[in-house]
Amino acid sequence: MTTTTKRPRGARTKLRRRVAGLLALGFGLLSAGMLFAAFAPQAQTAQAQQQDALVRQGEQIYLNTCMSCHGKSLEGVEGRGPSLVGVGDAAVYFQTSSGRMPLARQEAQGIRKPAKLSPEQINALMAYITANGGEGPKKPSESGEALRGDNPARGGELFRLNCASCHNFTGRGGALSSGKFAPALDGVSEEQIYTAMLSGPQNMPKFGERQLTPEEKKDIIAYVKSVTDGNNNSGGNPLGGFGPVSEGLIAFIVGIAALIGVTLWIGAKA
Amino acid sequence: MSGDKPTDLPSEAELAEMSRDDLVRLGTKMDGVELVHYEEKFPVAGTRAERRAQRSVALWFLLSALSGVAFLGVFLFWPYQYEAPHTERHLLHLLYNPLIGLFLGLSVLALGIGALLYTKKFLPDELAVQQRHDGPSPQVDRATLVAELADAGQRSGIGRRNLIKRTAGLGAGVLGLGIAVVPLGALVRNPHSDSETKNSLWHTSWKPEKPGEKVYLRRHTGNFHEVSLVRPEDVEPGGFETVFPFRESERNDEHALVAALKRSDAPVMLIRMRPNQAIVKRAGQEDFNYGDLYAYSKVCTHLGCPTSLFEQQTGLLLCPCHQSQFDVFEYAKPRFGPATRPLPQLPITVDEDGYLVARSDFIEAVGPAFWERKS
């Protein structure tokens, strides 16, 4: 008796367990699938669509403003402009945001001027160049003051070692060969300094992230920002910021004039 | 002036009678000086004009004292630490130097002006005339002077005391020789006698100090004590980096780590050419590069300035001192300017851990020419 009564109860519990297991599995699969459907694919398509739109907009800008010198498919045109394959969006950002590109005319080197492209257009162009020219040095995601490191002293040491030979000790710039020059660093934004170091525009050497780490680059930016834009002006007039040449000349002229004046006063009859 | 002394000297009784004023005039007269005009600025003491003059002088001295105190105050208590721009305390930092200069300068200047004003306002007006003779001194003065000098020399007896003369000469001679040896000795010494060490002009600190010692390429990170070794992939195509020698024996030696970065023959430019760049190598140095990486001495072969203005597209290295240009696409050969020799190339390779190392020292002396150098 006990066995007969136990058996169906045991079979029923087994069945119940099986059904419950199946239900749980089904529910789990269903909810996982729903979650997956709810988030992942939709987000991906949305981003991809957005990206596609950006690239298409960038393509329009490229065809209108860049193609005549850089070629139809970024391959460059002999004697006009270099290939843009693999330059990365850092180079695109630096060249267009500083107004160097589009170039006004072919000359020794492009010069800084008000940007012709708007920030949105620059973003689109960056997306287009990366999509068609492959990955290259990337513009950092931070911007503005976030790119200033907290150790301008170390930045100064690194600046004097890597940058000062061309850009002068306080970023005044200087001459290079055959009409080329290293520009002064006044009014250059943090992003532009960073992307210039990354991409090595024109004749500037490249300073990759393994050579100068992002922290070191940020310290250099902090240093540059602390000595440019009139910040290195303790005496009231930087006299060009070239150091002993202009300062010595002015000190000599003013000092000698003052000494002559005092001498005349001492010698004058009361 | 033996001839024009006043003959009418006062007697002792007359001298006792004379006032100080008369004595002064007599004294200057005896020296052949005539006081034509000699007048007090304020003959009557305590006038209003005198008090005003006194005040104006005192005011300058007072100003000097005040700015002296201000200088001390700024020097001791003003915050002197660097404050970055865009911070509130930046202005305080900016003012530190100008204020110190202003107050110290004003203190010294006001003291000087006060002293000058005193002489101008209070010292008497004086106009004096002194009689001078024309031409040389009279014959009698010259003859007697010569006789006096010759007499002194003869009477000292040094001319005939030979022992004294010779020992004094010996002492002074040895001392003089010692003084001359110090500056001249450096010219006599041969600085190239030991031409095999890294301290000679022929070698640099890239030379291994013992056989088989590995000399790594080390970058300067702004921290003199940090050892950051260079791998080939660290330098981007079209990039360049200044590197210095590092050997394992220096690792925990702070002084050696600093000295390695400061030696004038040490800096080497590690340049990575862009892919597909056509390179002309120097005969006999075809294997000195490692792939696209080329290492050249940074010391200009003209006068030793750092040739670190690198144009990555034209491949030119410029020297800022005399505008020499070196072409890194053609074994750093001079293209323009006064330099005549290419920059020496450092032979490099990669060790088993992937770090760049120097295969040996430069095969020629770096930097400007010197006497013993034949090429």
Side-chain angles (χ1 to χ4, degrees), chain A residues 82 86 109 137 145 148 150-162 164-167 174-178 180 182 197-213 216 219-220 222-223 225-236 262 265-266 268-270, chain B residues 41 82 84-86 90 93-98 101 109 112-113 116-117 119-123 125 219-224 228 230-231 233-242 261 267 269-272 274 298 306-320 323 325 335-336:
Chain A
Q109 80 183 48
E145 303 222 345
R148 283 185 206 169
D150 50 12
N151 192 349
R154 179 173 76 150
E157 192 76 48
L158 290 165
F159 186 88
R160 287 185 287 277
L161 189 75
N162 292 296
S165 49
C166 296
H167 287 289
L176 296 173
S177 74
S178 311
K180 298 186 281 291
M197 286 190 269
L198 266 188
S199 66
Q202 309 195 29
N203 265 301
M204 176 166 156
K206 277 182 199 169
F207 297 93
E209 301 283 43
R210 280 187 297 259
Q211 181 179 344
L212 287 174
T213 64
E216 288 174 334
D219 283 347
I220 290 178
Y223 170 75
K225 282 290 160 195
S226 74
V227 292
T228 53
D229 303 333
N231 282 330
N232 191 31
N233 188 12
S234 316
V262 170
W265 180 63
I266 291 174
K269 285 229 156 241
Chain B
K41 281 280 173 56
Y82 176 76
H86 321 294
H90 181 58
H93 156 72
L94 277 190
L95 285 177
Y96 178 69
N97 262 337
L109 193 69
I113 289 178
L116 268 169
L117 270 185
T119 61
K120 278 178 179 290
K121 285 192 189 289
F122 292 101
L123 291 198
D125 280 335
R219 67 166 59 88
H220 183 12
T221 60
N223 173 2
F224 283 85
S228 173
V230 183
R231 289 170 166 275
E233 65 268 26
D234 290 353
V235 186
E236 297 278 330
F240 96 120
E241 173 152 41
T242 305
L261 295 178
M269 290 169 296
L270 182 67
I271 300 170
R272 178 141 178 212
R274 282 169 300 154
K298 196 173 182 171
T307 60
S308 54
L309 284 75
F310 178 48
E311 296 182 1
Q312 59 118 341
Q313 288 184 352
T314 56
L316 289 179
L317 279 167
L318 318 183
C319 180
Q323 281 68 48
Q325 300 180 4
R335 277 262 172 266
F336 178 85

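Residue numbers start from 1 in every chain, and the chains themselves are labelled A, B, ... in the order their sequence lines are given, proteins ahead of strands. Because the structure is a prediction, the values reported are computed rather than measured.
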To the nearest 0.5 Å, what is the distance between CG (Asn231(A)) and CG (Leu94(B))?
-> 8.5 Å
Taking every heavy-atom pair that is under 4.5 Å apart, which of Met204(A), Lys225(A), Lys206(A), Gln211(A) has the most such pairs with chain B?
-> Gln211(A)
Judged by atom type as modelled, is there a donor-acceptor pair below 3.5 Å linking the side chain of Asn203(A) to the main-chain atoms of Phe310(B)?
-> no
Of the backbone (N, CA, C, O) and the side chain (C-beta and beyond), which part of Glu233(B) lies under 4.5 Å from a heavy atom of chain A, both, or neither?
-> both
Could you tell me which portion of Tyr96(B) (side chain, backbone, both or neither) has an atom closer than 4.5 angstrom to a non-hydrogen atom of chain A?
-> neither
Looking at Ser177(A), Ala175(A), Ala164(A), which makes the most heavy-atom pairs under 4.5 Å with chain B?
-> Ser177(A)
Could you tell me whether Asn223(B) atom CG has more than 12 heavy atoms of other residues or ligands within 6.0 Å of it?
-> yes
Between OG on residue Ser178(A) and CZ on residue Phe336(B), distance to nearest 0.5 Å | 8.5 Å
Can you find a heavy atom in the side chain of His220(B) that is under 4.5 Å from one in the side chain of Glu157(A)?
-> yes
Tell me, side chain or backbone of Ile113(B) under 4.5 Å from chain A's heavy atoms, or both, or neither?
-> both
With sequence neighbours left out, the residues meeting side chain to side chain contact (heavy atoms under 4.5 Å, CB included) with Glu209(A) are Tyr194(A), Leu198(A), Pro214(A), Lys217(A)
If you count heavy-atom pairs under 4.5 Å between each of His93(B), Glu236(B), Glu241(B) and chain A, which one has the most?
-> Glu241(B)
Is the closest side-chain heavy-atom distance between Val235(B) and Phe207(A) below 4.5 Å?
-> no
If we ignore angles and hydrogens, is there a donor and acceptor under 3.5 Å between the side chains of Glu216(A) and Thr221(B)?
-> no
Is the backbone N or O of Gln202(A) less than 3.5 Å from a side-chain atom of Gln312(B), with the two atoms forming a donor-acceptor pair by type?
-> yes
Nearest 0.5 Å please: distance from the CG atom of Leu212(A) over to the CZ atom of Arg219(B).
-> 8.0 Å
Sidechain N-carboxylate O distance under 4.0 Å for Lys180(A), Glu311(B) = yes
For Arg154(A), enumerate each residue passing the side chain to side chain donor-acceptor pair (under 3.5 Å) test, keeping only those at least two apart in sequence or located in another chain.
-> Asp219(A)
Counting only heavy atoms closer than 4.5 Å, note whether Pro320(B) contacts chain A via side chain, backbone, both or neither.
-> neither
Under a 4.5 Å heavy-atom cut-off, does chain A meet the side chain of Leu316(B), its backbone, both or neither?
-> side chain
Can you measure from CD1 (Ile266(A)) to CG (Leu116(B)) and round to the nearest 0.5 angstrom?
-> 4.5 Å
Which of Gly200(A), Pro137(A), Ser165(A) touches chain B most, by non-hydrogen pairs under 4.5 Å | Ser165(A)
Engaged part of Pro237(B) at the chain A interface, taking heavy atoms whose separation is under 4.5 Å = backbone
Determine whether Phe240(B) and Asn162(A) make a side-chain contact, defined as any pair of heavy atoms from C-beta on separated by less than 4.5 Å.
-> no
